[in-house]
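For the single chain, residues carry numbers from 1 onward in sequence order. All values below were derived from every heavy atom in this structure, side-chain atoms included, with hydrogens, water molecules and symmetry-related copies excluded. This is a predicted model, so every value here is computed, not measured.
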Amino acid sequence: MDAQAWEKVDELIDKNQTKTIKDLFAEDKDRAAKFSLEAAGWFLDYSKNRIDEATMKALIKLAEKANLKEEIEKMFTGKKINATEGRAVLHTALRCQDKNVKIKVDGKDVMPGVRKVLDQMAAFSDQVRQGKWKGFAGKRIKNVVNIGIGGSDLGPVMANIALTPYTKRNMKFFFVSNVDSTHMAETLRAVKASETLFIIASKTFTTQETMSNAEAAKAWFIAEAQKAGLKKAAAEAAVAKHFVAVSTAAKEVAAFGIDTKNMFGFWDWVGGRYSLPSAIGLSLMLAIGRNNYKKLLKGYYKMDRHFRTARFSRNMPVILALLGILYVNGYGAESYCVLPYDQYLSRFPAYLQQMDMESNGKCVDKDGNPVTYSTGPIEWGEPGTNGQHSFYQLIHQGTHLIPCDFIGCSKTHNPIGDLHDKLMANLFAQTEALAFGKTAEECAAEGVDKKLIPFKTFEGNKPTNTLLCDQLTPETLGALVALYEHKVFVQGVIWNIYSYDQWGVQLGKVLAKGVLSDLTAKKPSGKHDASTNQLIARYRKAVGR
């Protein structure tokens, strides 16, 4: 992060420290309009932040000093900005709507391959949705079970729930990620083998959790097919009618028993947490159909175009990123809260957790040197009024500064009485309460007992952003996801860290192999630390080893 540019931001923070959000509104009657903008179907009101025009200009200078414009072009044009893995970062190519564009990686245009996979997904989803794809008993597919983990699970789960109004209601969709046997067992209890399609999502077909679950599902399926009257060989052959793969490992896919014609590929320039618009979204296309999936991609593309072309002062992802940096590095905020006031977005905070924390949870810069400033805030949240009756107390009156993003939709898919009016009233009221608070004088004027005034006073001055769309649709969902993707990218650029690798998840996975060996061996090696050895011994005793 450019020290000189940040110094100017820091000076303005010190200068304005006595000014509250309430004061800033009192000073400028046009503030709400001034700090609002629209893009790709979303309206952002960021006026309830601890900013003025000078602060925003200083923050934009920070982005300019980081050569953000050049970095954006590097990403969109296929440069290998994921340097530690030697890869391009081209999730934007997956949703590109320009049929004439060429995006090259190592001299080869990737767009024909992207379109080919999308066409393959569309043809397959049509077959399944129309009942033309039959299982071993000649029955249509009624259940789809997606087996994946991380980006191969969180995106499809989030989007499937978010777009429930657009799903095929006579089909049910399940997602198994955890290697905990309970996750698989409870899913299999809810489906019939003869009516179920399994999607195994693993690029290399070697991911431990995914392949362990895949093997368990396969064993269950073969056993169920035999119970239905098939011979063992026929049951094993029937795997090809009930299992497909999202992978690039043809040999491993074939060895599993899946016909490689039903293997949907993707590329090493697609990071897992950015892979929803790739073949990883196959379960979603099965749910909402090819046309709605195209609308999802269109929404992504609209936000991509806005991000790439809009000046920074009117650029929604850039503004959100800069505000986040202001609070993380200027005010010491360690987390931020995402609060969707739409039940269909209930898994959106969990989806953003991986996107943000796996991307920017880094402690060294691009040169491998320890950073001297905070990066990667903790992201968390809950939908709607649930959070109000849970953790809002801490946000309003606690000792932590927690900036919040409120997300709402003006129209509901499910109008019931005045419920939606009440939901949205709560959204708007919460941002008002957080910004303006309630003074001791106001409490006294209301006749509050003097002894209770300290407990009923609200400091206010709590920053919030409000994002509004007309209605949650495939297009607005695509734009929303892209908005946060680009926000995370901008922050990584300014912090001078690599946002697209995730070496931090590797060590525990490697050590788990050695621990597993000791859990199952006749005699454990005892090569771990005293605590781990103790835990292994206790586990072995409990299971009778």
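Test W220, F136, F256 against H242 for ring pair (Phe, Tyr, Trp, His ring centres under 6.0 Å) and you get one pass: F136. In summary, of the residues considered (Y351, Y484, Y336), a side-chain hydrogen bond (donor to acceptor under 3.5 Å, both in side chains) with D356 occurs for Y336 alone.
In this structure T207 satisfies the side-chain hydrogen bond (donor to acceptor under 3.5 Å, both in side chains) test together with S202, sequence neighbours excluded. Contacts of E71 classified as salt bridge (Lys or Arg N to Asp or Glu O under 4.0 Å), with partners at least two apart in sequence or in another chain: K74. K513 is linked by a salt bridge (Lys or Arg N to Asp or Glu O under 4.0 Å) to nothing, counting only residues two or more places apart in sequence or in another chain.
Side-chain contact check for W6 versus Y373: every heavy-atom pair is 4.5 Å or farther apart. With contacts defined as side-chain heavy-atom distances shorter than 4.5 Å, the pair M211/I200 qualifies. Two residues are said to be in side-chain contact when any heavy atoms from C-beta on lie closer than 4.5 Å; I280 and V270 fail this criterion. L434 places a side-chain heavy atom less than 4.5 Å from the side chain of F406. Residues F348 and I161 are not in side-chain contact: their nearest non-hydrogen atoms beyond the backbone lie 4.5 Å or more apart. No side-chain heavy atom of V179 sits under 4.5 Å from any side-chain heavy atom of Q208. At least one side-chain heavy atom of L467 sits under 4.5 Å from a side-chain heavy atom of L483. Considering only heavy atoms from C-beta on, E73 stays 4.5 Å or farther from K79 through its side chain.
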Kindly determine whether S125 and Y293 satisfy side-chain contact (heavy atoms from CB on, under 4.5 Å), including the steps that lead there.
CA-CA 11 Å; S125 67; Y293 197 83; over 6 Å; no
When you look at Q226 and K232, which way does the side-chain contact (heavy atoms from CB on, under 4.5 Å) test go after all the steps?
CA-CA 6 Å; Q226 286 180 279; K232 184 178 181 183; 3.4 Å; yes
Working note: T375 + N360, criterion side chain to side chain donor-acceptor pair (under 3.5 Å); need CA distance, chi angles, decisive distance, verdict.
CA-CA 6 Å; T375 66; N360 287 344; over 6 Å; no
Pair N465-D405, side chain to side chain donor-acceptor pair (under 3.5 Å): steps then yes or no:
CA-CA 5 Å; N465 298 303; D405 288 356; 2.9 Å; yes
Report all side-chain donor-acceptor pairs from residues 319-334 shorter than 3.5 Å, counting only partners two or more places apart or in another chain.
residue, atom, partner, partner atom, Å
Y327, OH, N49, OD1, 2.8
Y327, OH, R50, N, 3.0
N329, OD1, W495, NE1, 2.8
N329, ND2, S374, O, 2.9

Please report, to 0.1 Å, the donor-acceptor pairs under 3.5 Å made by any side chain of residues 139-160, with sequence neighbours excluded.
residue, atom, partner, partner atom, Å
R140, NH2, R129, O, 2.8
N143, ND2, T196, OG1, 3.4
N146, ND2, S152, O, 3.1

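Contacts classified as side chain to side chain donor-acceptor pair (under 3.5 Å) and involving residues 260-275 (residues at least two apart or in different chains) are given here: R273-E358, R273-S359, R273-Q502, Y274-S359.
A salt bridge is defined here as a Lys NZ or Arg NE, NH1 or NH2 lying under 4.0 Å from an Asp or Glu carboxylate O, and E379 with K487 fails to meet this definition. Between D518 and K527, no side-chain nitrogen of the basic residue sits less than 4.0 Å from a carboxylate oxygen of the acidic one, so the salt-bridge criterion is not met.
The number of heavy atoms from other shown groups lying within 6.0 Å of NZ (K168) is above 12.
For the residue pair D304 and T92, no side-chain donor N or O sits within less than 3.5 Å of a side-chain acceptor on the partner.
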